[in-house]
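Chain identifiers are assigned alphabetically (A, B, ...) following the order of the sequence lines, protein sequences preceding nucleic acid strands; residue numbering begins at 1 within each chain.
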2 protein chains.
Amino acid sequence: MLTIKEVTELTGIAAPTLRYYEKEGLLPHVKRNENGKRLYDEEDLSWIHFVTALRATGMPIAQIQKYVYLYKEGDSTISERKRMMLYHKKDIERSIRELYLNLDKINYKLALYDVLESQIERTSIKI
Amino acid sequence: MLTIKEVTELTGIAAPTLRYYEKEGLLPHVKRNENGKRLYDEEDLSWIHFVTALRATGMPIAQIQKYVYLYKEGDSTISERKRMMLYHKKDIERSIRELYLNLDKINYKLALYDVLESQIERTSIKI
DNA sequence: ATAAGAGATAAAGTTTACTTGAAGTCAAGG
DNA sequence: CCTTGACTTCAAGTAAACTTTATCTCTTAT
């Protein structure tokens, strides 16, 4: 069982953020010791990693809340949770496609700069 | 020359957002008619598209501001602008890589759901 | 004994990027 | 004439996700 400090060191997530996630219901069943201090086990860690992956891919807190709520409901919600993940997967794939398209525009801009620079170079040589 | 309404229809960007971008200095040389109403030409449109691409790839307003400021400085800032774009390109590539990594985690979760569902199915058949 | 250090809660504050609202201008249509 | 519609500006409001602050408790080292 890990303290909150150990978890921040392991995950790079700030302690207030971990408390905030828990308060918002994103981290089910985090235990406490006799003094009320948080204790994280392996399962908590994998929840943290999962939530982090969802956040990093742009899923809003509110939607993760809903997911965890369904998880707590038990096996009867498996198909709905799967649907949420499938939908989110499509979202990520769309984001990636858009990033590639916009990356093309940046690359085009960079190509223009290359032309500009070589023009400037040639001009300088002439002088 | 296009009115702001025509530009919103063409680009899907709300008029207040266009005004906001202009006020923040992201859109250089947008002209006005004799009554002070905005008129956009082809160059303005391509600035709008460019700014949109930068925003969509996560560049903060403040950094775009800096870029446009350099642009206004003239040719002497070309290499710095190019450096900004190169750096941003690396950023986008990093984002894409991270999205792929996190997509893998989501796919792993989905695979787990497939196993779970087939287990449930088999259990039901037994009953 | 007591002061430091880790952790807790609750509430307020911050940041970023817009968005909305209030109030005014101006040309055109009934 | 005067109202409607499409603008304008400036200021204030909003949403999301944290982050900071204030205050309190408890264990531990001096």
Hphob cluster co-occupancy, B:Leu86 + B:Ile78, side-chain heavy atoms under 4.5 angstrom: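 Yes, one cluster joins them.
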From the 5' end of DNA chain D to its 3' end, which nucleotides mark the outer limits of contact with chain B, defined by a 4.0 Å heavy-atom distance cut-off (strictly under)? D:dA6 to D:dT9
Nearest heavy atom decides the nucleotide; on that basis, is A:Asn35 or B:Lys37 closer to the 5' end of DNA chain C?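 Upstream on the strand: A:Asn35.
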Side-chain touch B:Lys82/A:Asp114, heavy atoms, less than 4.5 angstrom: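 B:Lys82 vs A:Asp114: side chains touch.
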Using a 4.5 Å cut-off between side-chain heavy atoms of Ile, Leu, Val, Met, Phe, Trp and Tyr, which other residues end up in the same hydrophobic cluster as B:Tyr108?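 Besides B:Tyr108, the cluster holds B:Leu112.
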Under a single-linkage rule joining Ile, Leu, Val, Met, Phe, Trp and Tyr whose side-chain heavy atoms are separated by less than 4.5 Å, which residues share a cluster with B:Met1? B:Leu39
Would you jot down, in residue-number order, the residues of residues 40-65 of chain A having a non-hydrogen atom under 4.0 Å from DNA chain C?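 By residue number: none to list.
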Residues touching DNA chain C, which here means a heavy atom under 4.0 Å, drawn from residues 9-26 of chain B: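 Going residue by residue through residues 9-26 of chain B, the ones with a heavy atom under 4.0 Å of DNA chain C turn out to be B:Pro16, B:Thr17, B:Tyr20, B:Tyr21.
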Check whether B:Gln65 reaches the backbone of B:Glu24 with its side chain - one donor and one acceptor, N or O, closer than 3.5 Å. yes
If we ignore hydrogens and angles and just use 3.5 Å, is the side chain of B:Asn102 paired with the main-chain N or O of B:Leu99 as donor and acceptor?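 The answer is no, because no donor-acceptor pair under 3.5 Å joins these two groups.
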Show every side-chain hydrogen bond (donor to acceptor under 3.5 Å, both in side chains) that has at least one partner inside residues 8-17 of chain B, sequence neighbours left out. none
Once you build an axis from the first five pairs and another from the last five of the helix from C:dA1-D:dT30 to C:dG30-D:dC1, how far apart in angle are they, to 10 degrees?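 Comparing the first five pairs with the last five, the axes sit 30° apart.
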By side-chain contact (heavy atoms from CB on, under 4.5 Å), A:Asn35 pairs with (sequence neighbours left out) A:Asn33, A:Lys37
Residues forming a side-chain contact (heavy atoms from CB on, under 4.5 Å) with B:Arg19, sequence neighbours excluded: B:Ile4, B:Ala15, B:Pro16, B:Arg38
Salt bridge or not between A:Lys66 and A:Glu73? Use side-chain N to carboxylate O under 4.0 Å. no
Short N-O contact, A:Glu22 and A:Arg32, less than 4.0 angstrom: yes
Going 5' to 3' along DNA chain C, which are the first and last nucleotides with any atom under 4.0 Å from a heavy atom of chain B? C:dA17 to C:dA27
For B:Asp104, salt bridge (charged side-chain N to carboxylate O under 4.0 Å, His left out) partners two or more places apart: none
Selection residues 66-94 of chain A - residue pairs positive for ring pair (Phe, Tyr, Trp, His ring centres under 6.0 Å), sequence neighbours left out: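 Only A:Trp47-A:Tyr71, A:Phe50-A:Tyr67 qualify under ring pair (Phe, Tyr, Trp, His ring centres under 6.0 Å).
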Measuring from A:Thr52:OG1 to A:Ile64:CD1, what's the distance to the nearest 0.5 Å? 8.5 Å
Is there a side-chain contact (heavy atoms from CB on, under 4.5 Å) between B:Val7 and B:Thr3? Walk through the geometry before answering. CA-CA 6 Å; B:Val7 173; B:Thr3 67; over 6 Å; no
